[in-house]
Asker: 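Take this structure first; my questions come after.
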Amino acid sequence: MFILAQIAWLSLVGLWIYWYVSNYVILQLVGEQGLPQIVSKSTNLLALVWGLILLVLVLGGMYFVFIYLTKQINITRMYDSFIANVSHELKSPLASIQLYLETLGMREVPKEKQREFLDSMTRDANRLQNLINSILDISVMEQKKMAFNFKSYSAGELVHELLESSLEQFRIPKEAFSLKGTISCQIRADRNALKIVFDNLIDNTLKYTVSDYRLIVSMACKNKKLILEFTDKGIGISAKDQKNVFKKFHRISGNHIPNIRGTGLGLFIVREIVKAHGGKISVYSAGENRGSTFRIELPIHQKKEWEDSKSS
Ligand code: ADP
């Protein structure tokens, strides 16, 4: 549609130039008779050049409006699918909790089964809580009101602590996890915000691995940076999608993607938090079904500053 409009527009400009050039002499005569004081020999040529400049400006403006509209349409589309995903994400754990409660209320349920039900309800309640937190985090971030509580930490201790807590929360079996590297640098971080980062990345490794779950976390302190990598052996991400996964609401669809719950908010929140720490995040995947690696780089808090802040 846009290309057709441009062709029509350019044809009109071409016709106009053709008409102008072929009627140049008549226009000159009319001008000289009507307003001889302002018509010089070069006036018509000048008018033509200015006319062309104006047309180019209008054309440029149209192009920008088109780009802006396309972006808006994409955002609206993603937003619609986000609403559909969120509604589903809210309804399904709630329905499952309701069902367990009704069963517990109506029948005599054996003790072991009760434990099982309670575990499932806790999982569903956690799911709901994570979703609600994500939505609240997003709205705070949108308004740039997220208050970070930065403190100095030994990176090694903090990473171990956060990993331990996330691994337990997501019930990752010990044999499926490996940690590589040792570090002895310091960072300035908001512990709770980094917990959100770890939780989202680890939750994703679970969600986007269909079989043979593996999680490898590697850490290093080099070139004044703390480098953390979260690698899984899951469904992978194509080169084209790697550019988009951090965008708000973005979810990958395709035949190789199993039907997995989600809202497309997690990685956006992760990137915003990493940015607020002065760091950056990137993703690498050799392609579909070949696993993914999310790499975070955070600035190291210099040893001198760290000691100063500890003693103050
Ligand atoms: P959500 O998981 O709720 O859809 P995210 O922002 O966490 O939202 O992720 C965005 C998209 O990036 C996901 O929909 C998924 O397609 C892709 N993705 C994220 N993590 C992984 C991963 N570890 N492996 C493969 N794809 C992933």
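Keep in mind that what you see is a predicted model, and the values were worked out from it rather than measured. Start at 1 and go down the list; that is how both ligands and their atoms are numbered.
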Asker: Can you give me the closest heavy-atom contact between A147 and D190, atom names plus distance?
Answerer: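 Between these two residues, the closest heavy atoms are O-OD2, 4.2 Å.
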Asker: Closer than 4.0 angstrom: is that true for some heavy atom of G234 and an atom of ligand 1?
Answerer: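 The answer is no: ligand 1 sits nowhere under 4.0 Å from a heavy atom of G234.
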Asker: Applying a 4.0 Å heavy-atom criterion (strictly less than), which segment of D232 is in contact with ligand 1: side chain, backbone, both, or neither?
Answerer: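 The answer is the side chain.
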Asker: Specify the protein heavy atom at minimum distance from atom 17 (C) of ligand 1: its residue, its atom name, and the distance to 0.1 Å.
Answerer: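 Answer for atom 17 (C) of ligand 1: I252 CD1, 3.8 Å.
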Asker: Any donor-acceptor pair under 3.5 Å linking the side chain of S166 with the backbone of L163?
Answerer: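 No, the answer is negative, given that no donor and acceptor are paired below the 3.5 Å cut-off.
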Asker: Considering both backbone and side-chain atoms of R261, is one of its nitrogen or oxygen atoms within less than 3.5 Å of a nitrogen or oxygen in ligand 1?
Answerer: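 Among all N and O atoms of R261, none is under 3.5 Å from an N or O of ligand 1.
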Asker: Would you say K233 and T209 are linked by a side-chain donor-acceptor pair, where the criterion is simply a distance under 3.5 Å?
Answerer: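 No.
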Asker: Measuring only between side-chain heavy atoms, which start at C-beta, is K111 closer than 4.5 Å to Q114?
Answerer: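 Yes. Closest side-chain heavy atoms under 4.5 Å.
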Asker: What closest approach, in Å, do V109 and T103 show between heavy atoms, and which atom pair accounts for it?
Answerer: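 Of all heavy-atom pairs spanning V109 and T103, the closest is CG2-O, 4.0 Å.
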Asker: If you group Ile, Leu, Val, Met, Phe, Trp and Tyr by side-chain heavy-atom gaps below 4.5 Å, do V210 and I172 land in one group?
Answerer: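 V210 and I172: one cluster.
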Asker: Looking only at heavy atoms, which two atoms of A176 and Y213 are closest? And how far apart?
Answerer: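 That would be CB-O, 3.6 Å.
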Asker: Which residue holds the protein heavy atom closest to atom 3 (O) of ligand 1, what is that atom called, and what is the gap in Å?
Answerer: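 Minimum-distance protein heavy atom for atom 3 (O) of ligand 1 reads T263 N, 2.7 Å.
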Asker: Report yes if V245 has an N/O atom closer than 3.5 Å to an N/O atom of ligand 1; otherwise report no.
Answerer: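 In this structure, V245 places no N or O atom under 3.5 Å from an N or O of ligand 1.
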Asker: Mind checking whether M141 and L267 sit in one hydrophobic cluster, side chains of I, L, V, M, F, W, Y counted as touching below 4.5 Å?
Answerer: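 Yes.
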Asker: Would F230 count as a contact of ligand 1 if the rule is a heavy atom under 4.0 Å away?
Answerer: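 Checking ligand 1 against F230, which is what was asked, there is no heavy-atom contact under 4.0 Å.
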Asker: Side chain or backbone, does K207 bring an N or O within less than 3.5 Å of an N or O on ligand 1?
Answerer: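 For ligand 1, there is an N or O atom that lies under 3.5 Å from one belonging to K207.
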Asker: Report the nearest protein non-hydrogen atom to atom 11 (C) of ligand 1: residue, atom name, distance rounded to 0.1 Å.
Answerer: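 Sorting protein heavy atoms by distance from atom 11 (C) of ligand 1 puts H250 O, 3.7 Å first.
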Asker: Distance to 0.1 Å, residue and atom name: give those for the protein heavy atom nearest to atom 4 (O) of ligand 1.
Answerer: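 Nearest protein contact, heavy atoms only, for atom 4 (O) of ligand 1 is R251 NE, 2.4 Å.
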Asker: Would you say G266 has any N or O atom under 3.5 Å from an N or O of ligand 1, going by distance alone?
Answerer: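 Min N/O separation from ligand 1 is below 3.5 Å for G266.
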Asker: Using a strict 4.0 Å cut-off to heavy atoms of G236, name the atoms of ligand 1 that fall inside it.
Answerer: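 In order of numbering, the contacting atoms are 25 (C).
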Asker: Which atoms from ligand 1 have a heavy atom of L265 less than 4.0 Å away?
Answerer: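 Reading through ligand 1 atom by atom, the close ones are 6 (O), 8 (O).
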Asker: Check the side chains of S238 and D241 for a donor-acceptor pair under 3.5 angstrom, ignoring hydrogens and angles.
Answerer: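 Present: a donor and an acceptor within the cut-off.
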Asker: Please write down residue, atom name and distance for the protein heavy atom closest to atom 7 (O) of ligand 1.
Answerer: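 It is N204 ND2, 2.9 Å.
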Asker: Using a 4.0 Å heavy-atom threshold (strictly under), name the region of F246 that reaches ligand 1: side chain, backbone, both or neither.
Answerer: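 Under 4.0 Å from ligand 1, F246 contributes no heavy atoms.
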Asker: Given salt bridge (Lys or Arg N to Asp or Glu O under 4.0 Å), test K180 with E229 step by step and report yes or no.
Answerer: CA-CA 10 Å; K180 290 185 178 166; E229 288 184 347; over 6 Å; no
Asker: To check your reading of the model: name the closest protein heavy atom to atom 21 (C) of ligand 1, its residue, and the distance in Å.
Answerer: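 For this ligand atom, the closest protein heavy atom is Y208 CD1, 3.5 Å.
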Asker: I need the contact type for L267 against ligand 1. Using non-hydrogen atoms and a strict under-4.0 Å cut-off, is it side chain, backbone, both or neither?
Answerer: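 Both parts.
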Asker: What's the shortest heavy-atom distance between H277 and R188, and which atoms?
Answerer: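 The pair with the smallest heavy-atom distance is CD2-O, 3.7 Å.
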Asker: Run the numbers for me: atoms of ligand 1, each under 4.0 Å from some heavy atom of I237, listed by number.
Answerer: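 That gives atoms 25 (C), 26 (N), 27 (C) of ligand 1.
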